[in-house]
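A short worksheet on the structure shown next.
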Amino acid sequence: MTGRNQSIISEFLLLGLSSQPEHQNLFYALFLAMYLITILGNLIIIILIRLDSHLHTPMYLFLSNLSFSDLCFSSVTIPKLLQNMQSQVPSIPYAGCLTQMCFFLFFGDLESFLLVAMAYDHYVAICFPLHYTTIMSLKLCLSLVVLSWVLTMLHALLHTLLMARVSFCVDNMIPHFFCDLSAVLKLACSDTHVNDLVIFIIGGPVVVFPFLLIIVSYARIFSSILKVPSSCGIHKAFSTCGSHISVVSLFFGTIIGLYLCPSANNSTEKETIMALMYTVVTPMLNPFIYSLRNRDMKGALRRVLCKKKKSSCV
């Protein structure tokens, strides 16, 4: 059997959220509401950062990219999930599965890389406040963002191209609500040693290395904070990092628990719930975490609204 890929099947069946019919409409309304909140919240952050010159700083450059990543990350899985919840057959075409997998890996990896860049920004701001503007130059910030996009794109394309070489014969039922890399590989009827090797060599470090860099950054930050004699300075430093620590804990906690520390008694339902945490819940919560306790964001919203009122009165 020859060809661009050796797959016989033309589509996969996504069975991850096969709930009882009486609960289907409730779950549909819940996920639709969460998705709309995610889109609206992250769009507001992106627009505010774009419109308000006070937010044209390294921290908010990274945050605007993180919000865009969250917006796209949830859009990769939730619309298809909502469509399948209203369909008799929760299917996805073979090409659509590969495309979803590629973008899922891309925006998932991008989020972790951007969280590292934000941790470095906090580290420089707290440990080297007098040299902050010199170190965190526009050139460096743009370089970190571009590097994050390029590395994650290459990583996602590598896994997708390797998956395109894999054969799928009879079993096309994926026990998940999206085309997860590990779940799809389990259905293969051809050799997947190369895929497994690449996941082990590259996939693991893509999650572990950013997490370790964040841990090191905060270890240095906390060490520097403890040397600050002023309680006001300590409170300010913790309030600066609190939002980012919350996001890191939500995002990396579920991913590490699901992929790097899998339990032998993990059920499909438990794995699905954990996946929902970082694909649906975290992108929805990020705008609230970064906005509700952020005086800069609140101030930007007031200024934008005041400008609109003034322009409407003219």
Side-chain angles (χ1 to χ4, degrees), residues 42 45-46 48-70 109-152 205-253 255-256 282 285-301 303:
N42 284 291
I45 287 181
I46 293 170
L48 284 179
I49 293 173
R50 175 69 178 170
L51 294 179
D52 195 288
S53 59
H54 295 84
L55 300 182
H56 293 173
T57 63
M59 173 183 169
Y60 291 105
L61 170 66
F62 298 139
L63 179 56
S64 62
N65 277 270
L66 182 69
S67 293
F68 179 76
S69 176
D70 279 335
D109 293 342
L110 182 61
E111 177 130 351
S112 66
F113 277 64
L114 290 172
L115 288 172
V116 174
M118 294 174 79
Y120 179 69
D121 177 68
H122 291 321
Y123 164 69
V124 175
I126 293 172
C127 298
F128 304 98
L130 299 179
H131 302 285
Y132 176 79
T133 53
T134 305
I135 297 173
M136 297 303 294
S137 62
L138 179 61
K139 182 180 178 181
L140 175 64
C141 294
L142 290 176
S143 298
L144 289 174
V145 171
V146 171
L147 183 64
S148 299
W149 279 76
V150 171
L151 288 178
T152 53
V206 164
V207 176
V208 175
F209 190 56
F211 184 66
L212 290 178
L213 286 176
I214 292 172
I215 294 296
V216 170
S217 296
Y218 277 108
R220 298 291 298 272
I221 287 171
F222 292 146
S223 175
S224 179
I225 288 173
L226 294 175
K227 296 176 184 177
V228 178
S230 167
S231 59
C232 180
I234 293 175
H235 175 74
K236 184 178 179 181
F238 273 106
S239 64
T240 302
C241 302
S243 300
H244 186 258
I245 292 174
S246 302
V247 173
V248 168
S249 302
L250 278 171
F251 183 74
F252 282 102
I255 288 180
I256 290 173
T282 303
L285 292 181
N286 282 359
F288 295 99
I289 292 172
Y290 277 109
S291 301
L292 290 180
R293 295 179 59 192
N294 191 314
R295 283 179 289 183
D296 292 338
M297 293 298 295
K298 291 178 182 177
L301 182 58
R303 285 189 292 271

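If you're wondering where the values come from, they're calculated on a predicted model, not measured in any experiment. These numbers come from the heavy atoms of this one structure, side chains and all, not from hydrogens, waters or symmetry mates.
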Roughly how far apart are Tyr60 OH and Ser67 OG, rounded to 0.5 Å? 11.0 Å
Tell me, do Val145 and Phe62 make a side-chain contact under 4.5 Å, heavy atoms counted? yes
Do Asp121 and Leu144 touch side chain to side chain, with heavy atoms closer than 4.5 Å? no
Of all the heavy-atom pairs spanning Tyr132 and Met59, show the shortest one and how long it is. OH-N, 4.3 Å
I need the Ile255 CD1 to Leu250 CG distance, nearest 0.5 Å. 11.0 Å
Hey, could you give me the CD1/CG distance between Ile46 and Leu51, rounded to the nearest 0.5 Å? 11.5 Å
Specify whether Tyr218 and His122 have parallel, tilted or perpendicular ring planes, treating 30° as the upper limit for parallel and 60° as the lower limit for perpendicular. tilted
Approximate separation, where rounding is to 0.5 Å, of Leu213 CG and Tyr123 OH: 12.0 Å
Quick one: closest heavy-atom pair of Ser148 and Thr152, and the distance? O-OG1, 2.7 Å
If you define the side chain from C-beta out and look only at heavy atoms, does anything of Ser112 sit under 4.5 Å from Phe211? no
Enter the distance from Ser217:OG to Leu212:CG here, rounded to the nearest 0.5 Å. 10.5 Å
In Å and rounded to the nearest 0.5 Å, what is the CG to CG distance from Asn286 to Leu115? 7.5 Å
After noting the C-alpha distance and the side-chain angles of Leu114 and Phe68, does the key distance pass the side-chain contact (heavy atoms from CB on, under 4.5 Å) rule? CA-CA 11 Å; Leu114 290 172; Phe68 179 76; over 6 Å; no
Is there side-chain contact between Phe252 and Ile214, with at least one heavy-atom pair below 4.5 Å? yes
In short, Cys127 meets Ser224 closest at the heavy-atom pair SG-CB, 3.7 Å
Per the side chain to side chain contact (heavy atoms under 4.5 Å, CB included) rule, which among Leu55, Asn65, Leu61, Thr57 passes with Ile49? Leu55
